[in-house]
Amino acid sequence: MEALSSAIKPTLAFPPRTARCDHKALPFRSVKNPSSNHFRNRRKIEVKAQVEKHVSTAASIDFSDPDWKSKYQKEFEARFSIPHITDVLHDAVSYPSPFSLRMRTPVSPDFAEGYPSDDEWHGYINNNDRVLLKVIHFSSPTSAGAECIDPGCTWVEQWVHRAGPRDKIYFKPEEVKAAIVTCGGLCPGLNDVIRQIVVTLEIYGVKKIVGIPFGYRGFSDSNLAEMPLSRKVVQNIHLSGGSLLGVSRGGPTISEIVDSMEERGINMLFVLGGNGTHAGANAIHEECRKRRLKVAVVGVPKTIDNDILFMDKTFGFDTAVEEAQRAIYSAYIEAHSAYRGIGIVKLMGRSSGFIAMQASLASGQIDICLIPEVPFNLHGPNGVLSHLKYLLETKGSAVVCVAEGAGQDFLQKTNATDASGNIIFGDIGVHIQQEFFKEIGFPADVKYIDPTYMIRACRANASDGILCTVLGQNAVHGAFAGYSGITIGICNTHYVYFPIPEVIAQPKVVDPNSRMWHRCLTSTGQPDFI
Ligand SMILES: Nc1ncnc2c1ncn2[C@@H]1O[C@H](COP(=O)(O)OP(=O)(O)O)[C@@H](O)[C@H]1O
Ligand SMILES: O=P(O)(O)OC[C@H]1O[C@](O)(COP(=O)(O)O)[C@@H](O)[C@@H]1O
Ligand SMILES: [Mg+2]
């Protein structure tokens, strides 16, 4: 019998992050090839160790202990505490913030001690402000999408740190050299985030702002000069897609990066990227701590796939879903206008099918949506191909939306990786097309569309533009407040700071028991394919 596809076999890298009954506590799914080069592996091991240190303590809870809930909450508070430069540099001093909501002109030496005001209200965030991470009280583990800690699904408040400007800052703006780097693949909104970081730094009074060209590579390649940045330089960059600074995969080791930062005098680093980039950012933060450098490393999650934990969404995702509509519509028109037409659209998502699911839901034109998280058969009476045949016979055409990581078990493995160590996947869209021709006894007109690079190169839509604005500004507030090794996300519509290891412990994936996936199935009307 044909094996079910599960795309990426889960590998248990460390204990589940919460208790036995946490239905979301999926084991780590490795997206990297462990056989890639020595330096990359060494860095990964370092990062994995940091992540393990951070999350392993929540693994076993004794629910017969009457105090388990408060112990869990204490442990949670510790896991989600955000590192601060004073954790290591105990005598680091603070200064009144020059960033005031009352006055937003760049700071002048006259106001070096902060702007004068008779008003107490400056719009600062209190360090003790918190945001609720989970807002649904599931009354039973059988509720759709339930995330329970104990068998009784007890309500346990889980608080994370609110993002925003603080009244005290730990860097004098005139002593700051800030650098921005964009890594990984392109994503709509990169330029919007760069722009907001630059303009916010200037409002604090920072004069030395540079861009590191072409990702982490720019730290080591002597042919690549850093790019001076100012409000003037970034004024209109958000009108174009891509990244003003360029992106890349792979690059130097962590200690080479930190050596380069020391040589250049960089003491604030803003890192825009996905899981891999954040693993690197956290390792840079740890290395700076080890060297006792007063440096703030702040990440801004860039993942078009929306696969970073705990966040409502990441920037670029909304634009991707919107842009995917054009490809789906074209596939639908082609399929619908052909005699026995099939349209196949492949969308991004290595281990997470969020783009495919949401794009299918938004379009209403998809008959079959296939994602990596949900196993399916291709052949056989319950397989995808039989259903396609049925659709052609009954309604004359069909449209399939498939995430790039879906059905990888059906394809020949090559062990090929990109420069970052990510496995290069086979093309599931082409495979479905080929198998259909082999299996079905009559000719069909199949049109296959892969809009990946057209989508990634788009400029951000309005909703992503706003998200990028808030994330970029909060990145700067976090750095000035003295936090390092943190990243920013939107969580239940509020903006929060997370310690990096928590958000990259595993990729966020679509929960097959969630209401959203059920809505998608209701919309497509597809059977289970198993
Ligand atoms: N585990 C890791 N530790 C340190 N750096 C990493 C790690 N994984 C990836 N990187 C680096 O982060 C950058 C981007 O990673 P990549 O996986 O390509 O994109 P993304 O950040 O979007 O996931 C690359 O320069 C890569 O070398
Ligand atoms: O062809 P490239 O540039 O290596 O990128 C392909 C990958 O980029 C993505 O669109 C985004 O991945 P990253 O977040 O790692 O940049 C993936 O969905 C896709 O597999
Ligand atoms: Mg990645």
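This is a predicted model, so every value here is computed, not measured.
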Are more than 12 heavy atoms, taken from residues, nucleotides or ligands other than [X], located less than 6.0 Å from that residue's [atom1] atom?
{"X": "Y332", "atom1": "OH", "result": "no"}
{"X": "H431", "atom1": "NE2", "result": "yes"}
{"X": "R326", "atom1": "CZ", "result": "no"}
{"X": "Q412", "atom1": "CD", "result": "no"}
{"X": "F138", "atom1": "CZ", "result": "yes"}

Of all the heavy-atom pairs spanning [X] and [Y], show the shortest one and how long it is.
{"X": "H278", "Y": "I500", "answer": "O-CG2, 3.4 Å"}
{"X": "P301", "Y": "I308", "answer": "CB-CD1, 4.0 Å"}
{"X": "S397", "Y": "A335", "answer": "CB-O, 3.4 Å"}
{"X": "L392", "Y": "A444", "answer": "CD1-CB, 3.8 Å"}
{"X": "A331", "Y": "I449", "answer": "N-CD1, 3.8 Å"}
{"X": "V400", "Y": "I366", "answer": "C-CD1, 4.3 Å"}

### Query
Relative to each other, are the rings of F310 and F498 parallel, tilted or perpendicular (30° and 60° limits)?
parallel

Ignoring hydrogens and angles, tell me if any N or O in the side chain of [X] forms a donor-acceptor pair with the backbone of [Y] under 3.5 Å.
{"X": "E334", "Y": "G343", "result": "no"}
{"X": "E157", "Y": "L132", "result": "no"}
{"X": "S386", "Y": "N382", "result": "no"}
{"X": "D129", "Y": "I125", "result": "no"}
{"X": "N191", "Y": "L244", "result": "yes"}
{"X": "D418", "Y": "G421", "result": "yes"}
{"X": "Y216", "Y": "T277", "result": "yes"}
{"X": "Y483", "Y": "P499", "result": "no"}

### Message
Once salt bridge (Lys or Arg N to Asp or Glu O under 4.0 Å) is applied, do any residues pair with D192, and if so which ones, sequence neighbours excluded?
### Response
none

### Donor-acceptor side-chain pairing of T524 and Q526 below 3.5 angstrom
yes

### Query
How about T303 and D305: does a side-chain donor come under 3.5 Å of a side-chain acceptor?
no

### Task
Evaluate whether the separation between SG of C153 and SG of C148 stays below 2.5 angstrom.
yes

### Query
Can you list the steps and then say if H161 with F80 is a ring-ring contact (aromatic ring centres under 6.0 Å, His included)?
CA-CA 8 Å; H161 291 248; F80 283 82; 9.1 Å; no

### Message
Assess the residue pair D318 and K313 against the criterion (salt bridge (charged side-chain N to carboxylate O under 4.0 Å, His left out)); give the C-alpha distance rounded to whole Å, side-chain angles, the decisive distance to 0.1 Å, and a yes or no.
### Response
CA-CA 8 Å; D318 225 49; K313 62 175 180 178; 3.5 Å; yes

Test item: [X] and [Y] side chains (from C-beta on) under 4.5 Å apart, heavy atoms:
{"X": "T154", "Y": "I149", "answer": "no"}
{"X": "R130", "Y": "E77", "answer": "yes"}
{"X": "V247", "Y": "L190", "answer": "yes"}
{"X": "V510", "Y": "F354", "answer": "yes"}

### Query
Is it true that E404 and R350 make a salt bridge, defined as a side-chain N closer than 4.0 Å to a carboxylate O?
no

### Task
Run the salt-bridge test on R459 and D464 with the 4.0 Å N-O cut-off and return the result as yes or no.
no

Going from [atom1] on [X] to [atom2] on [Y], what distance comes out if it is rounded to the nearest 0.5 angstrom?
{"X": "N377", "Y": "F529", "atom1": "CG", "atom2": "CZ", "value": "10.0 Å"}
{"X": "K134", "Y": "W159", "atom1": "NZ", "atom2": "CH2", "value": "14.0 Å"}
{"X": "L385", "Y": "E435", "atom1": "CG", "atom2": "CD", "value": "7.0 Å"}
{"X": "K302", "Y": "T487", "atom1": "NZ", "atom2": "OG1", "value": "12.0 Å"}
{"X": "L269", "Y": "I180", "atom1": "CG", "atom2": "CD1", "value": "9.5 Å"}
{"X": "W155", "Y": "D150", "atom1": "CH2", "atom2": "CG", "value": "13.0 Å"}

### Query
Step by step, would you call D312 with K508 a salt bridge (charged side-chain N to carboxylate O under 4.0 Å, His left out)?
CA-CA 11 Å; D312 297 354; K508 184 174 79 173; over 6 Å; no

#### Entry: Quiz item: cation-pi between K346 and Y448, 6.0 Å / 45°
no

